[in-house]
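So the structure is just underneath, and the comments pick up after that.
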Amino acid sequence: MPSLNEPHPSPAGSDAADGGAPAPTVLDAEALDKLRALDPGGRAGILLRVLGTFEGSLKRLMLQFESARAGMDLPALRHVAHTLRSSSASIGALALSRCCLELETRIRDGQTEGLADAVEALSAESARAAVAVRAMLDRPGNTA
């Protein structure tokens with residue numbers, strides 16, 4: 001089995017610059033619209049607060065993830081994936097949520113084949129989600 005720390009290429013078609021298909025939107029518009037509907041007009045700033053909370057949680061969880069990855073701590077990796085799965089889905093980071101489910105399932109089922117790729121996919125997708133969330137939070141005159 002390859003080491004969990006070995007670099008792996010990003011999935012094909014994930015970057016338009018490589019000549020593949022354009023990357024899909026990182027945050028699902030429908031999920032974001034559901035959050036916006038909780039605060040018509042954006043006066044209470046619910047979407048921004050949810051995104052800010054997610055950003056902080058993602059940073060904390062990815063520190064745990066990288067520590068677990070370095071130590072090959074599969075239970076800790078599974079815990080991070082489980083914890084991150086539903087919150088990422090709630091803000092529309094659906095690809096990240098799927099990566100979390102994939103890793104969580106592989107570890108739970110004892111599937112070592114492809115585990116390193118699942119770890120790398122979750123890491124890469126969390127970085128994409130972090131950039132997308134930060135971009136939304138940084139918009140001028142933001143009500144997201």
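Contact of the V80 side chain with the L103 side chain is not registered, since no non-hydrogen atoms from C-beta on lie closer than 4.5 Å. Side chains of C100 and E125 form no contact here, defined as non-hydrogen atoms less than 4.5 Å apart. With a 4.5 Å cut-off on side-chain heavy atoms, M136 and I91 do not count as touching. In this structure, the side chains of V119 and F65 come closer than 4.5 Å at one or more pairs of heavy atoms. Two residues are said to be in side-chain contact when any heavy atoms from C-beta on lie closer than 4.5 Å; L74 and L115 meet this criterion.
Residues V26 and R128 share a closest heavy-atom pair of CG2-NH2, 3.2 Å. Here the shortest heavy-atom pairing between A89 and A31 reads O-CB, 4.3 Å.
Note that the CG atom of D28 and the CG atom of L94 stand 4.5 Å from one another [nearest 0.5 Å]. Residue S97 holds its OG atom at 6.5 Å from CZ of R85, rounded to the nearest 0.5 Å. Taken to the nearest 0.5 Å, the CD1 atom of I107 stands 11.5 Å off from the OG1 atom of T112. Summarising the geometry, atom CG belonging to L122 is positioned 12.5 Å from atom CZ belonging to R98; distances are rounded to the nearest 0.5 Å. Of the inter-residue distances, the one linking S88 atom OG with L101 atom CG reads 10.0 Å to the nearest 0.5 angstrom. Considering CG of D73 and CZ of R69, their distance stands at 14.0 Å, rounded to 0.5 Å.
Of the possible polar contacts, none joining the S123 side chain to the E120 backbone as a donor-acceptor pair under 3.5 Å is found. Judged by distance alone, the side chain of T83 and the main-chain N or O of H79 form a donor-acceptor pair under 3.5 Å.
E102 meets the side-chain hydrogen bond (donor to acceptor under 3.5 Å, both in side chains) test with R106; sequence neighbours excluded. In this structure R78 satisfies the salt bridge (charged side-chain N to carboxylate O under 4.0 Å, His left out) test with no other residue, sequence neighbours excluded.
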Mind listing the side-chain donor-acceptor pairs of residues 50-61 below 3.5 Å, one per line with the distance, residues two or more places apart or on another chain?
{"from": "T53", "atom 1": "OG1", "to": "R49", "atom 2": "O", "distance (Å)": "2.9"}
{"from": "E55", "atom 1": "OE1", "to": "R134", "atom 2": "NH2", "distance (Å)": "2.5"}
{"from": "E55", "atom 1": "OE2", "to": "R134", "atom 2": "NE", "distance (Å)": "2.8"}
{"from": "E55", "atom 1": "OE2", "to": "R134", "atom 2": "NH2", "distance (Å)": "3.1"}

